[in-house]
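Here the structure comes first, spelled out in structure tokens, and everything after it is commentary.
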Amino acid sequence: MRGTDLNTIERPYDGCGTCLLGVRRLSRVKPATSSPERQRENVLTAAASVGAHIIGWADDWEVSGATDPVTRPSLGPWLRDERGPYDGLVAAAVDRLGRNVVDCLNTGYKMRDQKKMLVTHGTTVPGTSTTPPTRTVSPWKPGERRWNCARSSAGTVTPPSRPARPAARKASRRTASSTSGR
């Protein structure tokens, strides 16, 4: 993020309500890969954009995406409440949380049930063609609306519009049924 020193976003748990755990995963670490650094930068950017800070890292290197998040060597103990307090998770991308929808939803529901945040970097907002820097996944943050929201050109979030009922169709049915009975 512009104007934010990403190195100041890492600090110990202070109970402020925005103490997030950074989540990174990579199936295969190769000497030439830049993914760990790129994931770190994305996580820090996502945390900064929601006014949060990173209290620790759940780095699962050489861990398959098919591994259940609760059984991962680094993330698992946090999800099982064995590592101490935290206010939510922030990941470089949704696919870093789990390989399939079930894993991601299970993690999301766990965060929701515990009233914790779940933030990902670079999630496209439905109804737009742009990718904002970050988005808090709607159902998981307490108090947020439970439907997908579209971002207007002014940057405000609005609920999707519901299509109007076709009133003329109902009127034509009434007219047809009332005239056919005479």
- With sequence neighbours excluded, what pairs up with D103 under the salt bridge (Lys or Arg N to Asp or Glu O under 4.0 Å) test?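 If we apply the salt bridge (Lys or Arg N to Asp or Glu O under 4.0 Å) test to D103, skipping adjacent residues, there are no hits.
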
- Message: Between C19 and R11, is the side-chain contact (heavy atoms from CB on, under 4.5 Å) condition met? List the steps.
- Response: CA-CA 9 Å; C19 303; R11 59 181 187 266; over 6 Å; no

- Message: Is there a side-chain contact between I55 and P12 in this structure, where contact means two heavy atoms from C-beta onward sitting under 4.5 Å apart?
- Response: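 No, every pair of side-chain atoms sits at 4.5 Å or beyond.
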
- Check: K30 and S35 side chains under 4.5 Å, non-hydrogen atoms: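 S35 does not reach K30 side chain to side chain.
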
Shortest non-hydrogen contact from [X] toward [Y]:
X   : Y   : value
N42 : A92 : CB-CB, 4.0 Å
V43 : G22 : CG1-CA, 3.9 Å
R72 : L97 : NH2-O, 2.8 Å
P85 : W78 : O-CZ3, 4.1 Å
S74 : D59 : OG-O, 2.9 Å
A47 : V90 : N-CG2, 4.1 Å

Pairwise distance [atom1]([X]) to [atom2]([Y]) - rounded to 0.5 angstrom:
X    : Y    : atom1 : atom2 : answer
T45  : I9   : OG1   : CD1   : 7.0 Å
S49  : H121 : OG    : NE2   : 8.0 Å
L118 : L20  : CG    : CG    : 9.5 Å
T8   : L44  : OG1   : CG    : 9.0 Å
C104 : Y109 : SG    : OH    : 12.0 Å
L79  : T71  : CG    : OG1   : 10.0 Å

- Message: Tell me whether D87 is salt-bridged to K116, with the criterion being a basic N under 4.0 Å from an acidic carboxylate O.
- Response: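 Not counted as a salt bridge, because no side-chain N and carboxylate O are separated by less than 4.0 Å.
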
- Query: Should the pair E62-R25 be classified as a salt bridge under the 4.0 Å nitrogen-to-oxygen rule?
  - Reply: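 Judged by the 4.0 Å cut-off on N to carboxylate O distance, E62 and R25 do not form a salt bridge.
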
- Within one Ile-Leu-Val-Met-Phe-Trp-Tyr cluster: V23 and Y13, side-chain cutoff 4.5 Å: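 In one cluster: yes.
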
- Query: Stepwise, does the salt bridge (charged side-chain N to carboxylate O under 4.0 Å, His left out) test hold for E10 with R40?
  - Reply: CA-CA 11 Å; E10 295 181 80; R40 180 181 185 276; 2.3 Å; yes

- Does P36 offer a backbone N or O that forms a donor-acceptor pair with the side chain of R24 under 3.5 Å?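 Between the backbone of P36 and the side chain of R24 there is a qualifying donor-acceptor contact (under 3.5 Å).
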
- Query: Is T18 reaching over with its side chain to a backbone N or O of A52, donor-acceptor style, under 3.5 angstrom?
  - Reply: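 The answer is no, because no donor-acceptor pair under 3.5 Å joins these two groups.
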
- Candidate list D68, V70, L89, test side chain to side chain contact (heavy atoms under 4.5 Å, CB included), partner L75, passing option: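 Among the candidates, only L89 passes.
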
